[in-house]
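Right, one structure below, let's go through it.
Heavy atoms only: backbone and side chains are in, while hydrogens, waters and symmetry mates are out.
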Amino acid sequence: MERGTEWGAPSSHGAGRGAAEQAAAPGRIRLAVVVVDRAGLVSHWSRGARRLFGTPRQDAVGRPAVDLLPVFGALPDDEIAPYAAYAAYEGVGPDLESSLDGRLSYPAAGRARLRVPERDRIDVLWWAYPLVGPGPERLLVLAADADALHPDGQGAEGIAVERIAPGFALHTDFPGAEELARQLPEILPSMSVGEGARIVSQVLELGYPVLEFSQNDRVPVTPDWGVPRRAERKARRERAARAAASGDSVPPDVRDEGEDLEYVAVRERLEFLNEVSGRIGTSLDLAQTIIEVSRAVVPRFTDVAGTYLREQVVAGEGFPDGVPDTTTMWHRVAVEHTDEPGRWDDVVPVGEAMPFPAHTPFFQCMTSGQPVLVPRISEQMGHAIAAQFEKRDIRPLINNRSMLVVPLKARNVVLGFMILLRHPERVEFNDMDRVTGAELAARAGLVLDNARMYTYQESVAETLQDSMLPHIAPRMAGCDIATRYLPGTLLGRVGGDWFDSVKLPGSRTALVVGDVMGHGLNSAAMMGQLRTAVQTMAALDLPPAQLLRNLDDLAQRLGDTYLATCLYAVYDPIMSELEIANAGHIPPVLVRAEDGRSDLLDLPTGAPIGVGGVPFESVRVPVAPGDRLVMCTDGLVEVRGEDIGVGLATLCESAAHPAASMDDACDTIIRALNVRGGRKDDVALLMARLGGIAPEDVALWRLALDPVEVGRARAAVREQLHEWGLNSLADHAELMVGELVTNAVRHARSRRVELRLVRGETLLCEVDDEDHTLPSLRSAGPADEFGRGLRVVSTLAREWGASRTSAGKTVWFELTLPRR
């Protein structure tokens with residue numbers, strides 16, 4: 001990241017020029033860049049540092065910073081005159097030595113004399129930025145050679161100046177500022193992108209290192225922190241000493257020494273806010289952020305901190321625009337204090353929600369968006385506040401305490417507020433505290449809003465994903481099903497993986513697993529379209545290969561942006577057979593119940609959905625009752641840098657492991673493949689135990705196209721139900737079978753009509769014929785002869801339907817079996 005030349009603050013001239021032009025551009029000065037770690041050792045020594053201080057990089061890195069930058073001392077009084085251009089700015093900020101020793105935690109700037117090899121002493125302008133966060137870096141020091149700018153008005157670099165002074169430009173809008181921001185990463189150490197970005201963000205937030213110079217141009221700088229000039233301070237002290245010796249009153253300008261105290265106070269506030277900023281926002285978890293905000297202010301700034309947020313913020317929901325009112329509910333989300341443990345817990349428990357009346361300072365704060373200062377809570381105010389706490393007397397906790405209520409705002413919206421209380425014996429909150437509290441609340445509000453938006457987006461993502469994933473019944477005809485979906489842990493909680501099961505005619509079940517390549521909302525939307533298309537085409541009872549062919553055509557029409565893999569299997573529990581087709585998906589695992597052996601099924605791979613023009617093939621696989629089929633997406637078995645064969649072998653091994661239930665079997669696979677421990681892709685897993693339907697639970701009759709067959713069908717159904725011990729269903733079943741067979745005999749175009757009864761989880765009745773026209777419900781008038789049959793079926797059946805088959809259609813209904 002380091003380049004040959006590091007440049008200081010740009011002026012209004014030469015922004016965006018090349019390095020050659022920059023060397024001669026007014027307002028440019030070369031910078032030395034030094035980074036000090038938490039042990040006080042140099043971790044980076046730039047080329048500019050080698051040029052300025054004379055020490056090679058290999059000799060500097062790892063050595064104590066104070067050894068390489070020994071402060072010779074501030075300029076003595078007899079040397080001030082030759083440097084009149086600097087004299088007015090002598091003493092800007094604390095010493096460089098204090099920064100190197102780690103005694104300062106806020107940005108500082110100044111001028112110092114250093115001892116360096118072969119040059120005796122050099123005069124440098126410097127800026128020091130304390131770095132906070134998890135990285136090893138503690139301090140960033142930028143330095144420039146002051147001798148390059150002579151007091152005679154002509155710099156060694158050819159820069160004509162009248163004066164120069166170091167300073168900080170906080171959020172300064174001057175030509176060239178953006179260029180400096182772009183150049184900061186170039187002069188930082190060769191470190192990771194994340195560490196470099198963290199340092200750059202802190203430097204830019206604290207202030208740009210700038211040089212004020214004047215001739216024809218002026219670059220604005222931050223005032224000198226209110227620190228009096230050294231010569232003026234020295235003169236005032238001398239006058240104060242003479243006045244004290246003679247007994248005279250202290251001159252007014254000597255009383256201005258109070259400015260030093262003010263400077264110390266401001267410095268402490270800045271240091272406090274800097275520390276708070278470093279302690280909050282380490283997580284996007286809303287609850288963790290709330291705890292960080294509360295603990296950041298207790299006990300240094302306050303003795304009690306109660307945090308309230310809008311109820312919708314806590315719930316991760318949106319809320320209406322506008323100012324809160326007396327009906328707005330506020331959740332108490334944290335109470336941090338220095339009192340004895342448990343003193344506040346029963347009176348103001350965390351988790352309580354309540355509104356606040358208009359006469360309270362809390363309502364004033366949240367409606368105005370401004371801090372409210374109460375120097376001391378009087379008996380009268382304490383009584384008014386306590387009145388809203390039913391059956392609890394809060395007055396002993398708040399009376400006679402100083403209170404500051406600060407709003408937690410972001411984007412001009414009040415998300416909540418903090419109630420800050422100080423013990424009676426502690427100094428009251430004052431106007432400076434109000435300003436500090438407002439700044440603290442502004443920073444905390446932004447952090448909380450980031451956490452809130454993240455929580456809200458997580459909630460939206462989970463809701464979207466849940467709405468797109470089907471809620472599969474654990475029991476289908478002849479098979480048990482268990483599923484698992486695990487969102488990606490790195491690339492977002494919304495992805496393109498899905499699974500599904502679809503009820504088919506003939507007691508069959510379609511089992512589907514698919515994966516849209518990519519992540520995010522677009523992939524999820526594509527997944528939703530493909531899943532809906534699969535459900536629609538499965539209801540048409542298309543063969544697996546033909547279904548994938550149609551799905552590929554649909555993907556071509558939707559666009560060529562996305563590809564998807566898909567595995568589609570149809571299980572026939574009566575025939576004990578699987579028919580499977582694959583579109584670029586990883587193969588399923590079949591676990592045999594007979595010997596516990598598990599194998600990857602050898603299927604034609606096929607191309608992913610969306611490639612276009614590629615044929616798909618179906619394979620029929622015989623199965624036995626108790627066999628298990630395991631279908632999953634590649635996120636379960638694939639790990640970057642590892643052969644996928646390792647994951648597939650682990651999948652086979654874990655799938656064969658005995659388990660007490662289907663859910664336990666799924667959990668065993670998840671644990672074995674360590675999905676929760678590092679895989680970043682989505683995972684969809686579907687397991688089906690193929691129980692089959694025994695031949696004695698199936699009855700089949702072939703009927704001729706003769707109205708007489710309707711009566712025979714009714715009698716056969718009643719007899720079969722009597723044999724199965726289902727006499728309680730006979731009347732309804734006989735009536736509905738008569739209606740369906742009548743329709744089939746009347747409208748069939750061939751001689752084939754089949755009636756089948758299947759006893760499983762329900763009683764299933766199916767009537768097949770070779771007419772492709774599906775029946776529909778119709779409204780029948782009092783004089784109409786037809787149109788009532790399907791309405792009878794719809795009224796009496798638990799569920800009914802009709803679907804086309806390759807040979808015609810199937811009309812079916814189900815009845816609930818009586819409890820045993």
Considering residues at least two apart in sequence or located in another chain, which fulfil the side-chain hydrogen bond (donor to acceptor under 3.5 Å, both in side chains) criterion with Ser368? none
Nearest-0.5 Å distance that lies between atom CZ in Phe417 and atom CG in Leu404: 12.5 Å
What pairs with Asp303 under salt bridge (Lys or Arg N to Asp or Glu O under 4.0 Å), at least two apart in sequence or on another chain? Arg426
Nearest atoms (heavy-atom pairs only) where Ala49 meets Val34: CB-CG2, 4.1 Å
Work out which heavy atom in Gly54 is nearest to a heavy atom in Pro56; give both atom names and the distance. O-CD, 3.8 Å
Going from OG1 on Thr302 to CG on Asp433, what distance comes out if it is rounded to the nearest 0.5 angstrom? 9.5 Å
List the atom of Phe53, the atom of Ala143, and the distance in Å for their closest heavy-atom pair. CZ-CB, 4.1 Å
Taking only residues two or more places apart in sequence or in another chain, which ones pass side-chain hydrogen bond (donor to acceptor under 3.5 Å, both in side chains) with Ser402? none
So Leu408 and Thr307, do their side chains get closer than 4.5 Å, heavy atoms only? yes
Looking at side-chain heavy atoms only, is the closest gap between Gln370 and Arg434 below 4.5 Å? no
Within the side chain of Arg138, is there an N or O that forms a donor-acceptor pair under 3.5 Å with the backbone of Leu100? yes
Would you say the side chain of Leu440 lies within less than 4.5 Å of the side chain of Val406, judging by non-hydrogen atoms? no
Heavy-atom side-chain contact between Pro407 and Pro371 under 4.5 Å: yes
Looking only at heavy atoms, what is the nearest atom pair of Thr338 and Pro299, with distance? CG2-CB, 3.6 Å
Smallest separation among heavy atoms of Ser43 and Val61, with atom names: O-CG1, 4.2 Å
So which atom in Val42 and which in His44 form the shortest heavy-atom distance, rounded to 0.1 Å? CG1-O, 3.3 Å
Heavy-atom side-chain contact between Glu137 and Asp37 under 4.5 Å: no
Side chain to side chain, Arg422 and Val427, heavy atoms closer than 4.5 Å: yes
Sort out for me which residue in Leu421, Ile419, Val297, Val298 forms a side chain to side chain contact (heavy atoms under 4.5 Å, CB included) with Val304. Leu421
